[in-house]
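In this text the structure is predicted, and so the values were computed from the model without any measurement. In what follows, chains carry the letters A, B, and so on, assigned in the order in which the sequence lines appear, proteins first and then strands, with residues in each chain numbered from 1.
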Amino acid sequence: MDNMNITSAQYIEDMDGNNASIKATIDGQELSVPLDPANRHYAEIMRQVEAGTLVVTEAD
Amino acid sequence: MSKARGLADLGNVYDDGALSNRNLLINSAMQVAQRGTSATLTSGNFTLDRFKVQSSLLDNLVGTMTQDSDAPDGFANSLKITTTTVETAIAADEYFYVTQFIEAQNLQRLSFGSSAAKDITVSFWIKSTQTGVFAVSLYTADNAGIANSTYTISSASTWEYKTITFTGDTARAINNDNGLGMYVNFHLAAGTNFNSDPTDEAFEAYSDAKWAGGHVQNGVITTASATWQITGIQLEAGDTATPFEHRSYSDELARCQRYFQKQISTSSETSLSFCRGQGFASGSAYVYFEHPVEMRTKPSLSSSIASVGNLGALAANGGGMGISALTTVSAWSSVYTTVISLTVSSGTFTAGQATELDAGGNSGAFLSFDAEL
């Protein structure tokens, strides 16, 4: 009932080289998504990854 | 209403435990529009804070969702759906509705999942060019319960007041947390997969056929220039619809900001300073955006960089810098503060020097933070 269209997702690192967030395009909007399971965008990214329909690429 | 009836209703409300803060919905007088006052009908889009449209598999529909000054007495605004390009037919697997999601911990007064479960009453003002029968449904997300009913618009293009009472759910509890507790759905179109079950104001286990059970009138999105407007929605515990509980703009704004916050520069604020921080290296700085209201979760960050142009920052010598990308830094952030890493397109930071993030000379430059359900 609430499907997001996620067309890209990539981890972004902080200054220490740890994954800090996910840069994602969701429903046509570019977002910086925190790694927080309560965040609806992060939860949906993880749901689609689990379902095998989305891959979050590693940081550059 | 007679004084005797008013006193009787007041007694009912007192029994249901809420003489104030009765309304479980936010911004339902349609006052707050942080994202702007108009948006397309793309599924998932918000215009007025807390209200969004959702749809499935529509092929043709183009239209707008706007804040409109046409409203019944006592209200200044309504939410208005206008169809520009019609959906030519509603297939069995298609639907379209306007909804607000309610945070689970704000619903605990209903005592769902226990023998003390309270009834819920929704009241609202409605106006449409299309007369007929429309569905309203409540869906509880934690344990997939649904109740549905209908209202009838009797006169075209006339404000009408409607009330519906749903029976409290003794079987399915709502978690006491910051997750999604309840959908409050106003259906504008539903295919036969979603409206074939009859209405039932008592909660049942979810099935697709109950989603918009009893919905008939799809004409709002299948008729060119058709409109549908709503305002003054109140969802409250108990079996009595009480007068709408008006709240101030600042009160509603603060409630909305738990879920979404936006700062935007006007034409007289092209150097608007969003937040301050520190340079760590020539190409690296973190700035700290302190939220005026505790957000529901760590929020997703978006900005105007793609639409308006680079944002700005101050170099140690006071010169301007260009900022071409922003990244939220999860481990440094919380529901109170979002820490943002800046990507430099021109200029250099100096390690240890203070800096700030600003509108970069642009009108319409913004930062927005989304912690919606």
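Only the backbone of B/L326 comes within less than 4.5 Å of a heavy atom in chain A; its side chain stays farther off. Contact of B/S333 with chain A is not made at all, since no heavy-atom distance falls under 4.5 Å. Contacts between A/I12 and chain B at a heavy-atom distance below 4.5 Å involve the side chain alone, from C-beta outward. Of the atoms belonging to A/E30, it is backbone heavy atoms, and not side-chain ones, that fall under 4.5 Å from chain B. Both the backbone and the side chain of B/D370 come within less than 4.5 Å of a heavy atom in chain A.
If you take CG on A/D36 and OH on A/Y42, they are separated by 8.5 Å, rounding to the nearest 0.5 Å. Rounded to the nearest 0.5 angstrom, B/Q263 CD and B/S304 OG are separated by 12.0 Å.
Of all residues spanning residues 48-60 of chain A, none has a heavy atom less than 4.5 Å away from chain B's heavy atoms.
Options B/A325, B/S330, B/S341, B/S56 differ in how many heavy-atom pairs under 4.5 Å they form with chain A, and the most are formed by B/S330. Your options are A/A43, A/P34, A/P37, and the one with the most heavy-atom pairs under 4.5 Å with chain B is A/P34. Looking only at heavy-atom pairs under 4.5 Å with chain A, the residue among B/D177, B/T297, B/N45 that has the most is B/T297.
With hydrogens and angles left out, the side-chain atoms of B/S324 and B/N310 include no donor and acceptor closer than 3.5 Å. Side-chain contact check for B/D142 and B/N175: at least one donor-acceptor pair (N or O, by modelled atom type) lies under 3.5 Å. For the residue pair B/T328/B/T338, the side-chain donor-acceptor check at 3.5 Å is not satisfied.
Applying the salt bridge (charged side-chain N to carboxylate O under 4.0 Å, His left out) definition to pairs two or more places apart or across chains, those involving residues 93-103 of chain B are B/E103-B/R258.
With respect to B/E372 and A/R40, no salt bridge is recorded, no charged nitrogen being found less than 4.0 Å from a carboxylate O.
Cation-pi geometry between B/R35 and B/F260 is met: under 6.0 angstrom from the ring centre, within 45 degrees of the axis.
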> What's the verdict on ring pair (Phe, Tyr, Trp, His ring centres under 6.0 Å) for B/Y97 and B/H187, showing C-alpha distance, side-chain angles and the deciding distance?
Replying inline: CA-CA 4 Å; B/Y97 62 99; B/H187 298 276; 5.5 Å; yes
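The aromatic rings of B/Y95 and B/W211 lie tilted to each other, with the angle between the two planes from 30° to 60°.
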